Amino acid sequence: MITSTENKSWRKNSLNNKPLTVNLVGLKLANPTMLASGILGYSAETFESIVEGGAAAIVTKSIGLKPREGYANPTIVQADYGLINAMGLPNPGISEYVKEIREAKAFLHIPLIVSVYGYSAEEYKTIAKKAAEAGADAVELNVSCPHVKETGSEIGQNPKILAEVVRKVKTAIDKPVFVKLSPNVTSIEEIASAATKAGADALTAINTVKAMAIDAETAVPILSNRVGGLSGPAIKPIAVRCVYEAYESVKVPIIGCGGIANWRDAVEFMLAGASAIQIGTAIATKGTNIFKTVTHGISVYLRKKGFKSVEEIVGVSHRK
Ligand code: DHB
C-alpha cells in the first residue's frame, strides 16, 4: 500500500525521471534502454540520431583487429516476425575505429560500449585495450555471432575458451566487461556461470538465433553465407527464457536483448531479470524514437503498479 506522502515524493522523482535511472556496473543510464550492437553504422554521426531518439547508451557494431569486408549480398532477408542477417562482421579494424571512438566521445553524453570480436583470447584483449584507451566506457564481447568461423559462438559455446577470453580481457582493462551470450547452446546457465566466474561484469542476453531461409522457386538458400542470425519479435520468447535462466545462475546484472519492440516487451525482460535492455531490429520498423516511446511506457507501468524504480521490477517473476 502506498501512503499519500510516499506517493507525492514518488511523483517528484517521476518529474525528475529518477525512477528510470539505472546504475549498470558504474555506468549511469538515464533510462534502461540501450542501442544493441550491429544494427546501425559505426560513425559518430549515426550515434547522434540514437541519442536524439532517447537511448541511454550505445553499443557499437563489432570491431575486430583487422579490417574485414564481410560477405557478398544478399546479407539480409526478411523472415516472418524478424530478420535473418549474415553480414560477416564487416568493420574497419580497431586501429581505424579508435578515431571514431575518440570523435564520438567528444560529443556523446551517454556511455559508449564498444563491441569486440576476435579469433583468440589475445586478440580480444588487444582490441578491448585499444577501445578502452580510446575512451570506450565498457566493452561487450561478441562471443555469440552464430556464423563466422573461429570466432563468435565458436568461442561462446565453449565454457573453457570463453573463460580464457574473459580473463584475458579483464587483465588488460579496468572498464566493465559485458559478455554477449549465444542462445545457440544446450545450457545458458553453464555459459553464464563460466563467463561470470572468469570476471564478466555483466551479461547481455541474447545474440541472434542461428537460422536460414531458402527460396522455394529456385531451391537456393537466400543468404550468400546460407546461414545467418535471426533477430526481431520471433526470438523474444527465447530471449526472455534465456534471461530468466541466466538470472537464476549468476549475480551480475543482465542486459536483455532480443525482439524488444515496445514497453511491454521491455518490462517482460525486466521481470525475467534484466536490469536494462537493448533494442536493435525494431529500429528498422519503428525508427529511432523507439527508445523514448519504450521509456515512457516503462514509466507509466511503474507508476500504475506503484513501483518507485526500475530496479524494483528486476527479477520479480522469480518470486511468483
Ligand atoms: C553478424 C554478427 C552477429 O553477432 C550476429 O548476431 C548476426 C550477424 C554479422 O556480422 O554477420
Side-chain angles (χ1 to χ4, degrees), residues 34-43 46 58-79 81-94 97 113-119 123-124 127-128 131 139-158 161-162 165 177-185 188 191 195 203-213 221-236 238-239 242-243 255-260 277-284:
M34 308 166 63
L35 172 68
S37 177
I39 206 76
L40 285 179
Y42 304 88
S43 73
T46 47
I58 285 173
V59 189
T60 70
K61 285 195 84 163
S62 296
I63 309 297
L65 191 58
K66 300 199 181 109
R68 195 181 139 96
E69 278 212 356
Y71 302 142
N73 283 328
T75 52
I76 190 153
V77 54
Q78 178 102 45
Y81 310 109
L83 298 174
I84 311 173
N85 91 87
M87 313 296 252
L89 295 168
N91 79 99
I94 189 64
Y97 196 65
I113 298 128
V114 174
S115 171
V116 169
Y117 79 90
Y119 294 95
E123 266 194 32
Y124 275 94
I127 303 156
V139 296
E140 182 179 87
L141 306 181
N142 182 348
V143 290
S144 42
C145 168
H147 53 72
V148 175
K149 291 201 170 47
E150 291 168 29
T151 183
S153 61
E154 289 192 23
I155 288 172
Q157 286 166 339
N158 182 321
I161 301 175
L162 172 61
V165 168
V177 175
F178 302 174
V179 173
K180 189 162 183 180
L181 302 176
S182 171
N184 309 303
V185 293
I188 196 137
I191 304 293
L203 302 176
T204 304
I206 56 175
N207 205 324
T208 56
V209 176
K210 195 173 183 180
M212 78 182 291
I222 296 170
L223 297 169
S224 76
N225 186 58
R226 291 171 180 252
V227 297
L230 176 64
S231 62
I235 71 166
K236 197 195 78 181
I238 300 172
C242 287
V243 168
I255 304 153
C257 181
I260 296 168
I277 56 103
Q278 295 181 357
I279 297 174
T281 303
I283 295 169

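Atoms within each ligand, like the ligands themselves, are counted from 1 in listed order. Only this structure's heavy atoms are used, side chains among them; waters, hydrogens and symmetry mates stay out. Just so it is clear, the structure is predicted and the values come from calculations on it, not from any experiment.
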Starting from atom 10 (O) of ligand 1, what is the nearest protein heavy atom, named by residue and atom, and what distance separates them? Leu89 N, 2.8 Å
Please list the nearest protein heavy atom to atom 2 (C) of ligand 1 with its residue and the distance rounded to 0.1 Å. Cys145 SG, 3.4 Å
Decide whether an N or O pair under 3.5 Å exists between Thr208 and ligand 1. yes
I'd like to know whether Gln278 forms a side chain to side chain contact (heavy atoms under 4.5 Å, CB included) with Lys180, so could you lay out the CA-CA distance, the side-chain angles of the two residues, the decisive distance to 0.1 Å, and finally the verdict. CA-CA 11 Å; Gln278 295 181 357; Lys180 189 162 183 180; 4.3 Å; yes
For ligand 1, find out whether one of its N or O atoms is nearer than 3.5 Å to an N or O atom of Ala86. no
Is the shortest N/O to N/O distance between Pro146 and ligand 1 below 3.5 Å? no
Ser153 side chain to Cys145 backbone, donor-acceptor under 3.5 Å: yes
What atoms of ligand 1 come closer than 4.0 angstrom to any heavy atom of Met87? 9 (C), 10 (O), 11 (O)
Return the residue, atom name and 0.1 Å-rounded distance of the protein heavy atom closest to atom 4 (O) of ligand 1. Asn142 ND2, 3.0 Å
To check you understand the geometry: which heavy-atom pair defines the closest contact between Gly156 and Val185, and what is its length? O-CG1, 4.4 Å
When Thr204, Thr208, Asn207 are each screened for side chain to side chain donor-acceptor pair (under 3.5 Å) with Ser144, the one that passes is Asn207
Could you check whether any side-chain N or O of Asn91 sits under 3.5 Å from a backbone N or O of Gly64, counting only pairs where one atom can act as donor and the other as acceptor? yes
With heavy atoms only and a cut-off of under 4.0 Å, state how Asn207 meets ligand 1: side chain, backbone, both or neither. side chain
Polar-atom distance check: Val148 versus ligand 1, any N or O pair below 3.5 Å? no
Do Thr281 and Ser231 pass the side chain to side chain donor-acceptor pair (under 3.5 Å) test, and can you show the C-alpha distance, the side-chain angles, and the key distance before you say yes or no? CA-CA 7 Å; Thr281 303; Ser231 62; 2.7 Å; yes
Please compare Lys210, Lys61, His147, Arg68 and report which has the shortest non-hydrogen distance to atom 1 (C) of ligand 1. His147
Polar atom proximity, Ser144 to ligand 1 (N or O, under 3.5 Å): no
Counting only N and O atoms by type, is there a donor-acceptor contact under 3.5 Å from the side chain of Ser62 to the main-chain atoms of Ser115? no
Check: Asn142 main-chain N/O paired with Tyr124 side-chain donor or acceptor under 3.5 Å: yes
For Gly88, take its heavy atoms, then give the atoms of ligand 1 lying under 4.0 Å from any of them. 9 (C), 10 (O), 11 (O)
